[in-house]
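Chain letters run A, B, ... following the sequence lines, proteins first and then strands; every chain starts at 1. Atom set for the values below is all heavy atoms of this structure, side chains included, hydrogens, waters and symmetry mates excluded.
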2 protein chains.
Amino acid sequence: MTTIYQVSELAGVSLSSVSRVMNNHQHVSENTKNKVLAAMEQLDYRPNETARSLASSCSNCIGILVSELHGPFYGDMLSGIESELRAVGKHSIIAAGHSDESSEIEAIRFLIDRNCDALILLVDAVSDDYLINLSKGSTPFALINRQIPELTENCFYLDNKLGGYLATKHLLDQGHREIAYISGPISKQDANERLIGHKNALTEFNLEFNNDLFFEGDFLTKSGQIGIKKLLEGKQKFTALSCANDEMASGAMRGARDFNLDIPADCSIMGFDNAFFTEYLYPQLSTIDYPIKNMAQMATHWILKNVYKKSNLTIENLFTPTLILRESTTSI
Amino acid sequence: MTTIYQVSELAGVSLSSVSRVMNNHQHVSENTKNKVLAAMEQLDYRPNETARSLASSCSNCIGILVSELHGPFYGDMLSGIESELRAVGKHSIIAAGHSDESSEIEAIRFLIDRNCDALILLVDAVSDDYLINLSKGSTPFALINRQIPELTENCFYLDNKLGGYLATKHLLDQGHREIAYISGPISKQDANERLIGHKNALTEFNLEFNNDLFFEGDFLTKSGQIGIKKLLEGKQKFTALSCANDEMASGAMRGARDFNLDIPADCSIMGFDNAFFTEYLYPQLSTIDYPIKNMAQMATHWILKNVYKKSNLTIENLFTPTLILRESTTSI
DNA sequence: ATTTATGTTGAAAGCGCTTTCATTCTTACC
DNA sequence: GGTAAGAATGAAAGCGCTTTCAACATAAAT
């Protein structure tokens with residue numbers, strides 16, 4: 001391994017000068033700079049990043065924690081972060097907590113121990129209080145898909161309420177008046193807000209929220225299938241269904257087929273998230289776009305700006321969902 | 001930040017002893033050990049991993065490079081690796097090369113510069129020669145989904161030929177004799193092998209490979225749709241279609257619908273990979289399971305065994321695909 | 001020509017650990 | 001009781017870099 005020492009020797013300058021050249025310091029003469037660059041080239045010198053981290057107490061590394069690594073969501077998020085980071089010579093280390101509090105906390109400590117300069121967290125098992133407390137520590141972090149009043153700066157989240165509203169509003173605009181809803185776990189912030197949006201849309205059309213048209217799922221496919229079955233077997237008829245995510249919507253489509261329903265003729269179905277597979281479904285799923293990649297990139301920029309003092313982008317914390325119209329919804 | 005120095009002071013022992021305790025060295029008395037452990041506890045000491053890496057020239061970090069981060073494939077792979085690694089206190093840093101040779105090479109250098117103890121690579125833009133040459137360097141690496149004769153030890157790959165065979169064999173067993181095939185880019189090793197498997201199955205049934213029943217796609221959805229259109233418009237009729245991956249199969253399903261074909265009644269369709277979304281499709285796609293997660297874990301174990309001298313698992317390099325029967329195929 | 005500000009450089013002290021080496025302390029054995 | 005082998009410990013030298021500090025050189029201002 002070539003070290004800075006060998007470079008300095010070959011270039012005939014001191015270690016300090018080599019270091020200055022490496023770090024683009026001001027006050028290095030063209031002459032020295034050229035000698036050093038030439039020596040580096042000749043030796044194919046590659047700085048030891050570990051040593052740099054230790055000496056500068058900056059690891060150029062940001063830690064990413066997601067609750068799960070599979071599913072359609074995280075790939076987009078990670079690729080958004082990774083490309084931004086690598087473009088500026090930084091990198092990410094990735095951990096997955098498995099949706100329970102203690103393992104998420106452990107994962108956060110793990111990342112902090114690795115001297116991450118900052119963290120990007122997509123977690124929901126961990127409490128607000130824990131995060132508020134964490135924010136008093138020395139490792140800055142961005143929170144994706146979460147909104148904590150005390151930590152507004154750090155939060156990058158979707159206007160879920162608007163998203164829920166948009167979905168149901170679209171159905172209403174198409175003439176539907178009996179609209180069922182399959183929710184995610186109400187204990188989760190995003191699920192709850194999407195439901196509120198749904199209710200808001202109903203209210204706008206002077207419609208009452210009807211509990212017989214409601215089913216609480218768990219965001220997984222199966223619960224969409226189960227949900228629509230329950231709903232269909234219930235006494236209350238409906239002509240449209242709004243689901244709190246695409247997985248459940250896909251489950252609901254399958255469930256509808258078990259009842260020989262035609263989508264969208266017999267029942268319009270809306271999803272939420274605009275996962276890539278929604279285009280593969282038949283019919284293609286109308287949904288609400290969740291710009292996760294943009295959000296992840298914005299979180300990255302926030303870190304670039306605040307931690308590394310690069311990037312002068314204006315930071316936005318609230319993201320707007322948009323309606324994606326495809327084949328699974330139709331007017332009545 | 002608490003350092004080893006403060007621990008040693010509080011415990012009343014030397015730095016060396018603290019280090020020994022941390023690293024579970026032999027020849028530390030129970031007494032010293034307890035004092036050190038108590039001091040660590042009291043100070044909530046967390047070792048600086050960067051410093052450890054530098055001093056020991058072992059980063060406990062393995063680099064992962066995939067060509068793309070999105071898509072249905074990589075999540076499974078990453079979660080397989082991440083969980084294995086974190087269980088033994090190691091971690092991964094992730095880079096994405098964007099399917100072109102120079103950026104993949106750059107990404108590999110990037111990972112090596114970060115002192116990764118080893119690499120796991122899922123790449124296809126980079127040449128065999130480059131990898132053979134890389135293997136002479138000091139950073140060991142595992143190759144996933146690739147087979148290089150000179151590097152058999154490092155390669156973890158699927159028996160793609162068998163997979164291609166299994167898919168078409170199933171169709172043949174169901175009585176189909178006119179079987180179309182939509183391939184991935186023949187320039188890619190896996191696409192090529194799957195095609196060979198397809199041909200082998202035909203041969204076994206004394207059938208000729210018919211070029212009118214062949215379309216070369218690019219592994220993306222759209223090309224499946226285009227492919228089946230071309231095939232359907234061709235002169236040669238067929239009752240079944242085998243696709244070299246699930247994305248193209250999903251595109252083909254869509255294309256078939258454009259022609260008002262019923263799947264599987266009018267045409268059976270096979271996919272390949274068993275991506276999670278195949279269950280969301282209608283009809284659910286019959287496919288070939290690609291045990292990517294197992295393969296990634298095996299690659300990780302290989303590293304654990306060879307680089308860190310842990311794990312005494314027996315390493316297997318060749319993985320066997322299996323037939324997954326769902327709704328998109330039927331007998332004639 | 002003298003002062004002042006500014007640019008350029010190298011020596012040396014760390015960053016927080018690991019690891020070698022030498023030293024001291026035990027234990028076992030003849 | 002003396003010796004050898006082994007166990008337990010600490011001092012000190014790095015790992016490859018960054019960064020302060022002081023020294024010196026140069027240019028601009030008086």
Side-chain angles (χ1 to χ4, degrees), chain A residues 1-37 39-40 43-61 89-90 112-117 138-139 308-309, chain B residues 1-37 39-40 43-61 89-90 112-117 138-139 308-309:
Chain A
M1 167 179 259
T2 331
T3 73
I4 200 177
Y5 183 77
Q6 297 162 46
V7 174
S8 85
E9 198 164 29
L10 181 61
V13 299
S14 71
L15 297 191
S16 333
S17 294
V18 178
S19 175
R20 284 189 194 97
V21 172
M22 280 178 54
N23 296 286
N24 267 314
H25 274 229
Q26 47 184 4
H27 306 324
V28 196
S29 69
E30 275 303 302
N31 183 27
T32 313
K33 192 168 176 176
N34 292 335
K35 282 193 293 186
V36 170
L37 257 21
M40 284 180 170
L43 296 170
D44 190 28
Y45 169 72
R46 319 227 94 210
N48 180 321
E49 298 295 334
T50 307
R52 299 182 78 174
S53 297
L54 181 60
S56 66
S57 57
C58 164
S59 63
N60 285 312
C61 167
K90 317 226 172 280
I112 291 177
D113 284 352
R114 257 93 206 141
N115 291 303
C116 290
D117 297 333
S138 55
T139 308
Y308 298 118
K309 313 300 175 197
Chain B
M1 168 179 257
T2 331
T3 72
I4 200 177
Y5 184 77
Q6 297 163 46
V7 174
S8 85
E9 198 164 27
L10 181 61
V13 300
S14 71
L15 298 190
S16 332
S17 293
V18 178
S19 175
R20 283 190 194 98
V21 173
M22 280 177 55
N23 296 288
N24 268 314
H25 274 230
Q26 46 184 6
H27 304 326
V28 197
S29 69
E30 275 303 304
N31 183 26
T32 314
K33 192 168 176 175
N34 291 335
K35 282 191 294 185
V36 170
L37 258 19
M40 285 180 170
L43 295 170
D44 190 27
Y45 169 73
R46 320 225 94 210
N48 181 322
E49 297 296 336
T50 307
R52 298 183 79 174
S53 298
L54 182 59
S56 65
S57 57
C58 165
S59 63
N60 285 311
C61 167
K90 318 225 173 279
I112 292 178
D113 284 353
R114 258 94 207 141
N115 292 305
C116 291
D117 296 333
S138 55
T139 308
Y308 298 117
K309 311 302 174 197

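- Contact check for B:Thr2 versus B:Arg46: no side-chain heavy atoms found under the 4.5 Å cut-off.
- Side-chain atoms of A:Ser8 and A:Ser14, non-hydrogen and from C-beta on, never get closer than 4.5 Å to each other.
- Think of the region where chain A sits on DNA chain C: with heavy atoms and a 4.0 Å cut, that region ends 5' and 3' at C:dG7 to C:dG16.
- DNA chain D lies under 4.0 Å from at least one heavy atom of each of the following residues of residues 43-54 of chain B: B:Leu54.
- In this structure, the side chains of B:Ile4 and B:Met22 come closer than 4.5 Å at one or more pairs of heavy atoms.
- When only modelled atom types and interatomic distance are considered, B:Ser29 and B:Thr32 share a side-chain donor-acceptor pair under 3.5 Å.
- Annotation: side chain of B:Tyr45 is not in contact with side chain of B:Gln6 (no heavy-atom distance under 4.5 Å).
- Judged as a side-chain hydrogen bond (donor to acceptor under 3.5 Å, both in side chains), and not counting sequence neighbours, B:Tyr5 has no contacts.
- Shown are B:Arg52, B:Lys90, B:Glu49; of these, the side chain to side chain donor-acceptor pair (under 3.5 Å) with B:Asn60 is made only by B:Lys90.
- Judged by distance alone, the side chain of B:Ser59 and the main-chain N or O of B:Asn115 form a donor-acceptor pair under 3.5 Å.
- Listed for the A:Asn48 side chain is a donor-acceptor partner under 3.5 Å among the backbone atoms of A:Thr50.
- Both B:His27 and A:Ser56 lie near DNA chain D, and the one whose nearest nucleotide falls closer to the 5' end is B:His27.
- Protein atom CD1 of B:Ile4 is 12 Å distant from nucleotide atom P of D:dG10, rounded to whole Å.
- The minimum heavy-atom distance between A:Ala39 and A:Val7, with the atom names listed, is CB-O, 3.8 Å.
- Contacts of residues 11-19 of chain B with DNA chain D (heavy atom under 4.0 Å): B:Val13, B:Ser14, B:Ser16, B:Ser17.
- Note on the helix from C:dA1-D:dT30 to C:dC30-D:dG1: angle between the axes of the first and last five pairs equals 40°, rounded to 10 degrees.
- Considering only heavy atoms from C-beta on, A:Met40 comes within 4.5 Å of A:Val18 through its side chain.
- Annotation: side chain to side chain contact (heavy atoms under 4.5 Å, CB included) contacts of B:Glu30 (sequence neighbours excluded): B:Lys33, B:Asn34.
- The heavy-atom pair separating B:Cys61 from B:Tyr308 by the smallest distance is N-OH, 3.6 Å.
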